Amino acid sequence: MNKITPVAEAFDLSNYINSQESKSFLRFLTCGSVDDGKSTLIGRLLYDTKLIFEDQLAALEKDSRKHGTVSDDIDLALLVDGLEAEREQGITIDVAYRFFSTEKRKFIVADTPGHEQYTRNMATGASTADLAILLVDARNGLLTQTRRHAFIASLLGVRHVVLAVNKIDLVDYDQTRFDEIKADFESFSSGFDFDSCEVIPLSARFGDNVTTSSDKLSWFTGPTLLEHLENVELGHEHSEAAFRFPVQWVNRPNLDFRGYSGTVRGGSVNVGDEVVVAQSGKTSRVEKIVTMDGDQVRADDGQSVTLTLTDEIDISRGDVLAPVHSRPDVSDQFAAHLIWMSENAMLPGRPYLLKCGTKTVGASVTEIKHKVDVNTFDHHAAKELSLNEIAFCNLALSEVIAFDPYEANRDTGSFILIDRMTNETVAAGLIWFGLRRATNVHRQALDVNKKARGGLKGQKPAVLWFTGLSGSGKSTIANAVEQKLLSLGRHTYLLDGDNIRHGLNKDLGFTDADRVENIRRVAETSKLFVDAGLITLVSFISPFKAERQLARDLLENDEFYEIFVDTSLEDCEARDPKGLYAKARKGEITNFTGIDSAYEAPEAPELHLKTQGRTVESLADEIVDRLLADGFIGSDNTWVI
Ligand code: ADP
């Protein structure tokens with residue numbers, strides 16, 4: 001009933017069509033919390049750009065009197081909220097797209113319903129948008145939700161953002177209030193890399209500064225919202241993207257025809273082009289491009305076509321056809337940003353289904369590298385993710401798939417995770433890079449440098465990461481190991497927790513967040529030392545598994561030795577080499593590991609050293625023997641010894 005119909009004016013049709021075609025397109029979405037005025041704003045834009053027919057207007061006036069939340073004038077929100085009921089009945093999809101146009105530009109606005117599942121709808125709308133309008137209520141200013149939306153918009157590659165400070169009438173059109181919100185937003189948004197970031201005061205309800213400027217906002221010298229939408233420079237599309245064709249269906253009506261149906265997701269293809277099946281590496285040439293309207297010589301991004309090839313090669317649903325010289329990544333592991341959208345927490349290791357393009361495979365999050373605090377951009381360790389949280393994760397799949405980094409291709413670089421039991425979409429994912437790809441020749445160049453540096457020293461660099469309670473013996477053992485290695489002619493460096501806290505990390509305390517940062521810096525530093533070819537000993541309490549995992553993930557698979565120096569709390573307390581336990585017990589030190597801060601013991605360390613009843617000497621020998629056995633200090637260099 002409230003369906004919006006595109007422009008209908010008295011005009012010369014062909015002129016109109018021509019002028020429409022030459023106009024640029026802006027796709028945008030609006031996001032905000034419930035009651036920030038999203039629907040009213042869209043309604044206002046449609047109303048003021050004359051996209052509502054007289055009969056709709058009459059119905060609207062009637063409805064406003066009946067249901068409206070605004071006393072005397074028309075409640076524009078009803079115009080768009082009409083669809084909400086349909087959505088509740090499951091008739092329409094998550095996101096409705098509305099079309100309108102002005103003299104200057106055509107617009108598609110993704111109308112994402114603002115109730116419970118904000119993030120999911122927002123992410124769906126943003127995945128195709130050029131610009132995001134973040135709405136805030138002038139009385140409330142920026143909310144966590146606003147920051148989250150800005151973050152998701154940036155993750156999803158939205159290049160332009162407008163902060164619409166709505167309901168400015170409710171703060172008496174006060175410039176000071178606007179300036180406060182503006183300053184707040186500008187300091188927040190400086191962390192992003194948006195092409196444009198505009199802050200605009202408006203009242204969607206009264207139409208102030210939406211499509212026409214307002215006397216009440218005479219202090220505001222910037223554009224109206226519509227002016228900005230009409231004039232914002234969009235820059236270049238990803239037209240240079242490589243051809244991608246995820247096969248949706250193998251079309252084989254009879255023995256004489258074998259075609260591959262799907263939609264071009266990036267670039268274009270011509271008859272005669274050589275293509276490769278990304279997963280198998282088999283190549284062929286495009287013979288025909290078949291469409292409903294007959295054969296074509298070329299197919300472009302977004303077109304649904306059926307391709308036939310000159311050779312009979314094995315292709316099935318989920319395979320991706322690509323140019324031979326510009327292949328997607330193929331791997332069963334990658335690092336990605338996940339936007340978690342389910343009430344049920346994400347647990348690493350739990351099996352989910354992953355759908356990327358036309359391919360569905362089993363997948364699990366092997367590791368949450370960090371969770372992002374959308375207010376501060378800080379990275380935090382996390383063991384699980386709850387609703388609306390965003391994290392950078394490693395994922396492992398049950399089989400290899402073809403994909404691109406999200407920044408190269410929004411289609412082949414994104415995926416969803418599905419709960420196997422409920423079939424619910426639980427996350428949206430954006431692929432950052434593939435992991436441990438045997439096919440990736442580019443990365444090997446770096447490895448050669450590291451190898452070369454280590455080779456010169458006659459060793460394979462590695463990290464010996466000592467973890468354990470304070471006083472467990474990490475430093476003592478590490479020190480002994482370093483002496484032994486030195487006497488074997490090896491090149492080492494010892495990063496000791498206490499020493500580093502006097503220098504590089506002297507700005508950090510002992511809260512969980514600081515401990516995370518403490519380890520992150522040391523992990524990064526140890527990676528650099530390994531790159532320099534050194535056997536690097538790290539002696540840090542490093543109480544949290546997540547950060548030790550983070551350190552491990554910075555390194556190659558076999559370069560990281562987690563050494564659990566396992567001494568009971570009682571023994572450590574009895575030794576108390578620095579008198580710290582005594583102080584902690586007296587309450588003079590807080591956040592002390594083992595007393596009032598947790599120590600998460602390693603579950604599967606490379607070396608588990610139970611120190612009780614053993615000498616430092618024998619423990620150090622055990623580690624050196626392991627390095628010898630694993631070939632880090634090879635027996636072919638015995639002359640050094
Ligand atoms: P951490 O570096 O783990 O805080 P330290 O190495 O500074 O611990 O202190 C450990 C203390 O325990 C030292 O005084 C050390 O001499 C003593 N110690 C006693 N037995 C052992 C053992 N088997 N291994 C390591 N240290 C031991």
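On a predicted model such as this, the values are computed, not experimentally measured, just so you know. Note that ligands are numbered from 1 as they come in the structure, with each ligand's atoms numbered from 1 the same way.
By the criterion of a heavy-atom distance under 4.0 Å, neither the backbone nor the side chain of V565 is placed next to ligand 1. Of the heavy atoms in K474, both backbone and side-chain atoms come closer than 4.0 Å to ligand 1.
For ligand 1, the atoms lying closer than 4.0 Å to a non-hydrogen atom of V616 are 22 (C), 24 (N), 25 (C). Listed by number with element, the atoms of ligand 1 under 4.0 Å from a non-hydrogen atom of L469 are 3 (O). Per-residue contacts place L619 under 4.0 angstrom from the following atoms of ligand 1 (heavy atoms of the residue considered): 23 (N), 24 (N). For ligand 1 and K578, the ligand atoms under 4.0 Å from any heavy atom of the residue are 4 (O), 7 (O). If you number the atoms of ligand 1 from 1 as listed, the ones under 4.0 Å from a heavy atom of T611 come out as 23 (N). Proximity to T476 (heavy-atom distance under 4.0 Å) selects the following atoms of ligand 1: 5 (P), 6 (O), 9 (O), 10 (C), 13 (C), 15 (C). Of all atoms in ligand 1, numbered sequentially from 1 with element shown, those under 4.0 Å from a heavy atom of S470 are 4 (O).
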Decide ring-ring contact (aromatic ring centres under 6.0 Å, His included) for W465 and F560; before the verdict, give the C-alpha distance in whole Å, the side-chain angles of both, and the deciding distance to 0.1 Å. CA-CA 7 Å; W465 189 283; F560 189 83; 5.8 Å; yes

Should L163 and V161 be marked as a side chain to side chain contact (heavy atoms under 4.5 Å, CB included) after you check the CA-CA gap, both sets of side-chain angles, and the distance that decides it? CA-CA 7 Å; L163 184 79; V161 154; 5.5 Å; no

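At the top of the distance list for atom 4 (O) of ligand 1, counting protein heavy atoms only, stands G471 N, 2.7 Å. Taking atom 12 (O) of ligand 1 as the reference point, the nearest protein heavy-atom neighbour is R575 CD, 3.0 Å. At the shortest separation from atom 2 (O) of ligand 1 among protein heavy atoms lies S475 OG, 2.7 Å.
The two residues K460 and G631 come nearest to each other via the heavy atoms CB-O, 4.3 Å.
For the ligand labelled ligand 1, residue G468 lies outside the 4.0 Å heavy-atom shell.
Considering backbone and side-chain atoms alike, R614 places an N or O below 3.5 Å from some N or O of ligand 1.
Heavy-atom proximity to atom 25 (C) of ligand 1, evaluated over G473, P577, A480, is greatest for G473.
Of the N and O atoms on the side chains of T366 and N394, not one donor lies less than 3.5 Å from an acceptor on the other residue. When only modelled atom types and interatomic distance are considered, S597 and N591 share no side-chain donor-acceptor pair under 3.5 Å. For the residue pair S526 / T536, no side-chain donor-acceptor distance below 3.5 Å is found, with atom types taken as modelled.
A donor-acceptor pair under 3.5 Å is formed between the side chain of R521 and the backbone N or O of L504.
Using the six-membered ring where Trp is involved, F151 and H337 have ring planes that are perpendicular, over 60° apart on the 30 and 60° scheme.
Proximity of I633 to I535: side-chain heavy atoms (C-beta onward) are separated by under 4.5 Å at one or more points.
Legend: salt bridge (charged side-chain N to carboxylate O under 4.0 Å, His left out) pairs involving residues 467-487, not counting sequence neighbours, sorted by first then second residue: K484-E617, K484-D621.
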